[in-house]
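Below is one structure, written out as C-alpha cells; the observations come after it.
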Amino acid sequence: MSELHHIGLAGAAAGLRARRFSSVELAETFLKRIERNQETLNAFISVTRAQALSDAAAADRALAAGDGGALTGVPIAHKDLFCTRGVRTTCGSCILDNFVSPYDATVVAKLKHAGAVMLGKTNMDEFAMGSSNETSYYGTVRNPWDPRLVPGGSSGGSAAAVAARLVPGATATDTGGSIRQPAALCGITGLKPTYGRVSRYGMVAFASSLDQGGVLTVSAADAALMLREMAGFDPNDSTSVEREVPDYVALLGEPIAGLRVGLLKEFFDKGLDPGNERRVREALKVFESLGARLTEVSLPNLPLSVPVYYVVAPAECSSNLARFDGVRYGHRCEQPRDLQDLYRRSRGEGFGAEVKRRIMTGTYVLSAGYYDAYYLKAQRVRQLISADFTRAFASVDVLIGPTTPTPAFAIGAKTADPITMYLNDIYTIGANLAGLPAVSVPCGFVGKLPVGLQIVGPHFSEARLLTAAHAYQRATDWHTQVPEGYA
Amino acid sequence: MSGWETIIGLEIHAQLATRSKIFSGSATAYGAPPNAQANLVDLGYPGVLPVLNGEAVRMAVKLGLAIEARIAPTSVFARKNYFYPDLPKGYQISQYELPIVAGGALDIVLEDGKVKRVGITRAHLEEDAGKSLHEGLPGVTGVDLNRAGTPLVEIVSEPDLRSAKEAVAYMKKVHTLVRYLEICDGNMQEGSFRCDANVSVRKAGATKLGTRAEIKNLNSFRFVERAINYEVARQIDLLEGGGEVVQETRLYDPDKGETRSMRSKEEANDYRYFPDPDLLPVALDAAFIESVRATLPELPDQKAARFGSQYGLSAYDAGVLTASRELADYYEAVVRAAPADAKLAANWVMGELAAALNKESLEVTATRMTAERLAGLLKRICDQTISGKLAKEVFEAMWSGGADADAVIAERGLKQITDSAAIERAIDEVFSKNPGQLAEYRAGKDKLFGFFVGQVMKATGGKANPAQLNELLRKKLGG
C-alpha cells in the first residue's frame with residue numbers, strides 16, 4: 001500500500017467500493033503525508049485529524065453495509081474560505097483567526113453528503129486576494145516543485161497539497177484565476193466552473209459577481225467526479241442556476257474528433273514566456289492529432305481584462321468585507337475607546353496589506369464623483385469582453401491558450417510591485433468577467449517547472465472541457481508527474 | 001409667517017406585512033427577545049447570501065398599482081454602504097437607480113373640501129436595520145437584530161405638500177391605503193409606519209426651492225404636524241433674521257417639541273451605491289402584474305365614491321366611513337341588516353359608536369357592539385318603537401351590558417307611545433294641571449308650546465312619539 005497516495009480521487013472511490021483498502025487506511029496515509037510536509041509546504045491552516053479518522057471509520061461502516069455515495073470514504077481538503085461547521089474557517093486572515101463557522105457551505109454539505117472525508121482546511125491568500133499565496137496571515141505556501149517558489153494563488157494551499165499528493169482532491173475558488181493559475185504552477189488539473197454552476201452559499205465572498213467554487217485534482221477524470229458531486233442549483237444562492245448537472249464522469253469518453261478549437265490570438269502576446277509558448281503549441285499539436293480543428297480567433301477587448309478586473313473586484317470586496325467590523329465575530333481590538341476606535345483598530349489589525357489595498361481601491365472607485373468613470377465604465381467594458389467571447393463561440397467550441405505567462409516565480413519576487421503580480425492573471429481573468437468555465441491542465445515543463453494549458457468554453461460547457469482535457473490526458477502523461485520528494 | 005411658502009415632501013417607510021424577512025427566512029413578528037429572530041443571514045455571517053422574498057415584491061407591486069404608478073419590468077437591488085453596529089453587513093440592501101415603482105399619485109382632501117393631487121416619485125423595496133440598545137446595559141451598547149432585514153417599502157412623495165396639515169392628510173391617506181391593501185399593519189407605535197419629512201420655505205412667489213432640512217423618523221401623525229410646524233417657524237426665523245438654512249438631517253424631540261441638528265450635508269455619508277451582485281435584477285412580466293392587479297381590493301377613493309352614490313352620503317361622511325377598511329365593512333354590515341335608513345346608520349356609526357370606541361380605545365373589529373346589534377337598535381328607531389333620544393339610552397345599555405336592543409327596550413319599558421288616544425289623555429291631564437300656563441298661551445304667549453311638550457314628555461316618561469305629540473298638541477291648543 002505504499003503507492004496509496006497516488007491513487008487519485010476516482011481511484012480512491014473505486015478502491016474503497018471494491019474494499020481494496022479502507023477509508024481509515026486512506027485517511028491515515030494522507031494525514032501522515034500532510035503532517036510530514038506541513039513545515040516544508042505550509043499547505044494547510046487546519047488539519048482535522050480526529051474528525052477525519054472518525055468520519056473515515058463511519059465511511060468504512062457504510063461501505064461494509066453496502067451503503068454510501070459516490071465519494072464515500074474519499075479524503076479531500078477544503079480551501080479555508082468554505083465555511084465548515086464546528087471547524088475554524090479563517091480565509092487566511094487574522095480577522096477570522098478565531099472564527100469557527102456555525103454552518104456548512106453548500107459545497108461542503110454536498111461533498112459530505114456524497115461521503116467525502118475532510119482532512120483539513122488549506123492555506124490561501126488572505127480573502128483569496130493574491131496570485132502567490134504570499135498574502136496569507138498563516139505564511140506563504142511553498143511550491144512542491146521547488147520550495148523557493150510560489151505555488152500560485154489564491155488557492156495555493158489546495159494546489160500544493162494535491163501536487164504533493166497530500167490529498168487526492170481539494171476544493172478551491174476562482175475569482176480571477178485562483179484555481180487555474182496555481183493548478184498551472186503546481187502541475188495539476190484545476191477547473192473553474194461556469195458562474196452559477198456551483199453554489200456560493202457559505203463561500204466567504206471576495207468579489208461576488210466573479211467568485212466561483214471549483215476543484216483541484218490530479219486529473220480531469222477526478223475533477224469530473226468531484227464537480228458532479230458539488231455542482232447544482234442552491235435555493236440559498238440566487239445567482240446559482242437552476243439547470244441539471246450532467247454526469248461529467250459518464251461523458252468523459254466522448255470522442256473529440258471534429259472539436260473546433262480557437263487559438264486566442266491575444267494570449268500569444270509578448271508577455272508570454274517562450275518556454276511556456278512552446279509547451280502550449282506542442283499541446284495544440286496533440287489536440288490536432290486527436291482530430292481537433294484549429295483556427296485563430298481574436299478577442300479585441302480581452303487585453304482590457306486586468307484593468308476592468310481591478311476595478312470590479314475591489315469595488316465588490318470593499319463592500320463584502322465591511323461585515324468584518326469586530327462587532328459580532330472575528331478579531332476585535334483590545335479595549336476600544338468608542339465605536340470608531342473599535343472599527344479602525346479591529347479592521348486595521350485584522351486585515352493584511354493587500355486586502356487593505358483592495359478595500360481602499362474599491363472604496364475609491366465607488367465614491368461619489370468617481371463611480372461613473374471607474375465602476376460604471378469597467379462594467380461596460382466587461383460587457384464588451386463577454387460579447388467578444390460570445391462572438392468567438394459562434395465559430396469555435398473551445399478556446400485554448402496558456403494559463404499563465406510564466407512558470408512559478410520566486411517567493412518575494414513580485415510582492416513589491418502589485419501591478420506585476422496582477423499581470424500574472426492576464427490570461428485567466430477573462431473567463432471570470434464573462435462567467436465562463438475554464439480548465440487548466442499540465443502540458444509539460446520549462447526546466448523543472450510545470451506549465452499549464454487553459455481550455456475555456458461557453459457557459460455550462462464543463463462536460464466538453466473535461467472531455468477535451470481527459471482526451472489530452474489519455475494521450476499525454478504530464479498530469480501524472482509528481483514533484484521530486486513526493487513520489 | 002405670511003409672505004412665506006412652505007414646501008414639504010415625505011419619505012414614508014411602511015413595513016411590509018410578510019411573515020418572513022425580505023432576504024432571509026426569519027420571522028418578522030414584533031416583540032421577541034433581542035436577536036431571537038435573527039439568523040445567520042440577518043447577522044451578516046461570512047459566506048451567507050440574501051434570497052429575495054417574493055411576497056414583498058408582490059406587495060410593492062400592489063401598492064404601485066393602487067397609486068397608478070409604473071411597475072418597473074426590471075428593478076435592481078443596490079448596496080448602500082455605511083458602518084453602523086445595527087447594520088450587520090456594513091451595507092443596507094435597497095433600491096437606488098431602478099426602483100420597483102415609479103410615478104404615482106394620491107388625492108387628498110384639504111380642509112376647505114378641495115381635492116389635491118400629491119405626486120409620488122417612487123416607491124422602492126429595502127431592508128430595515130436593527131437597533132441599538134442602551135437601557136440596562138451600563139457602559140456598553142447592545143445590538144438587537146430582530147428588525148434587521150424586515151421588509152420596507154419607502155414611498156417618496158414629490159415636494160407637493162404646502163403645510164403640516166397637508167402633510168398629515170397625505171400621510172393618513174397612505175396609511176389608509178397600505179392597510180386597505182393589507183401590505184402593512186400600520187402600527188405606528190411599533191414603527192411599522194413612519195416617515196422622514198423634507199421641509200423648506202421660500203418667499204411667496206419664488207420659483208426656486210429653498211434649502212431643505214430632513215427630519216428623521218417621525219412615528220405619529222401628531223409628531224409630523226408639530227415637527228413640521230416647528231421646523232417651518234425655525235427656518236422662517238432664521239431667514240428673516242438674515243441667516244441661512246443649512247442642508248442637514250434633524251431629529252424631532254417630542255418631549256421638547258423641537259427639532260435639532262443630527263448631521264450636516266458635509267458630514268453625510270458617501271453611500272457608494274452599486275448594484276448588489278448577490279441578487280438578480282427583479283424581472284416582472286405583464287402576466288404577473290395583472291395577477292397582482294386581480295387581487296386589488298376596492299380602494300378607499302372608490303369605496304367613498306360608491307358610499308356617496310349608493311347610500312346618499314356626503315363626501316365628508318363617505319370619507320370618514322372609508323378611512324379604514326374595517327370601519328367601512330362595519331358600516332356596510334349595519335346597512336345590510338337595517339337597510340331602511342343608510343344615512344341614519346352613518347350618523348350612528350360616526351357618532352355614538354365612534355365616540356364609545358374612542359373612549360375605550362377600541363378598534364371597530366374588537367367591539368361587542370357588533371354591526372348586527374347596532375342594526376337591531378336602528379330598526380327600532382326606523383319603525384318608531386323608540387325615539388332617537390331614547391335610542392341613546394338603549395345604546396348605552398347595550399354597550400355596557402350584553403343585551404340586544406329589543407331586550408333593553410322591553411326591560412326598561414322604553415317602547416314609544418304612538419297611540420293617539422293615550423297621548424291626548426296625557427295632554428288633557430297636563431292642561432288640567434296647568435290652567436295658568438294654558439291661559440297665558442291662549443293669550444298669545446307662543447313660547448309656552450315647548451313647556452307643554454316638556455310636561456307631556458315628562459308625564460309619559462319620554463316615550464310619547466315626538467312628531468305625534470307636536471301634531472296633537474298644536475291641534476288641541478289651536479282648537
Side-chain angles (χ1 to χ4, degrees), chain A residues 81-83 89-91 95-96 99 101-106 127 196 199-205 207-211 234-240 312 315-316 318-330 339-340 342-343 347 362-371 375-376 379, chain B residues 22-25 35 38-54 57 76-93 96-97 130 132 139-145 148 265 268-283:
Chain A
L81 59 56
F82 286 96
C83 285
T89 300
T90 69
C91 271
I95 211 159
L96 285 178
F99 178 67
S101 173
Y103 76 110
D104 276 335
T106 299
F127 283 102
S199 170
R200 292 188 297 114
Y201 189 75
M203 225 173 84
V204 181
S208 312
S209 74
L210 301 159
D211 295 344
D234 178 5
N236 287 326
D237 175 4
S238 309
T239 62
S240 78
V312 173
E316 293 182 6
S318 72
S319 176
N320 282 333
L321 270 57
R323 67 188 59 198
F324 304 104
D325 57 7
V327 175
R328 284 145 296 129
Y329 47 74
L339 185 60
Q340 287 305 318
L342 169 72
Y343 286 154
R347 288 168 66 80
T363 303
Y364 178 79
V365 301
L366 288 176
S367 297
Y370 299 100
Y371 179 83
Y375 184 78
L376 216 55
Q379 288 293 7
Chain B
I22 186 167
F23 300 118
S24 89
N35 301 308
N39 67 15
L40 296 178
V41 174
D42 309 318
L43 292 167
Y45 259 63
V48 298
L49 295 170
V51 176
L52 179 60
N53 181 341
V57 172
V76 171
F77 282 101
R79 292 185 184 178
K80 180 180 181 178
N81 295 285
Y82 64 97
F83 283 94
Y84 208 67
D86 67 11
L87 191 72
K89 298 186 296 297
Y91 57 85
Q92 177 197 27
I93 305 177
Y96 186 54
E97 280 183 341
S132 301
V140 295
T141 299
V143 179
D144 177 7
L145 296 173
K265 189 187 176 188
N269 286 307
D270 176 357
Y271 291 120
R272 293 170 283 121
Y273 281 100
F274 74 105
D276 190 335
D278 287 333
L279 290 159
L280 303 175
V282 183

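Lettering of chains follows the sequences in order, A, B, ..., and the numbering in each one begins at 1.
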Only pairs of heavy atoms separated by less than 4.5 Å count here; which of [options] has the most with chain B?
{"options": "A:Y103, A:F99, A:F82", "answer": "A:Y103"}
{"options": "A:C91, A:C83, A:A205, A:P102", "answer": "A:P102"}
{"options": "A:S209, A:S319, A:G330", "answer": "A:S319"}
{"options": "A:N320, A:T89, A:D325, A:L96", "answer": "A:N320"}
{"options": "A:A105, A:A315, A:S208", "answer": "A:S208"}

Given a strict heavy-atom distance threshold of 4.5 Å, which part of [X] is in contact with chain B: side chain, backbone, both, or neither?
{"X": "A:S101", "result": "neither"}
{"X": "A:L81", "result": "neither"}
{"X": "A:Y201", "result": "both"}

Test item: side-chain donor near acceptor, A:N236 and A:S199, under 3.5 Å: no
Validation row, ring centre A:Y370 to ring centre A:Y364 under 6.0 Å: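 Yes: the rings meet the under 6.0 Å criterion.
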Sort out for me which of [options] touches chain A most, counting heavy-atom pairs under 4.5 Å.
{"options": "B:L52, B:L279, B:L43", "answer": "B:L43"}
{"options": "B:P50, B:G90, B:P46", "answer": "B:P46"}
{"options": "B:F83, B:Y91, B:Y82", "answer": "B:F83"}

A:V327 backbone acceptor or donor facing A:Y343 side chain under 3.5 Å: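 No, because the side chain of A:Y343 does not come within donor-acceptor range (under 3.5 Å) of the backbone of A:V327.
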Side-chain donor or acceptor of A:R347 paired with backbone N/O of A:F324 under 3.5 Å: yes
Worked verdict on B:F274 versus A:Y371 for ring pair (Phe, Tyr, Trp, His ring centres under 6.0 Å): CA-CA 9 Å; B:F274 74 105; A:Y371 179 83; 7.8 Å; no
Min side-chain heavy-atom separation B:E97-B:V76 under 4.5 Å: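 A side-chain contact is absent here, since even the closest heavy-atom pair is not under 4.5 Å.
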Counterpart residues, side chain to side chain donor-acceptor pair (under 3.5 Å), relative to A:R200 (two or more places apart): A:Y195, A:T239, B:D278
Test salt bridge (Lys or Arg N to Asp or Glu O under 4.0 Å) applied to B:D144 - qualifying residues, sequence neighbours left out: none
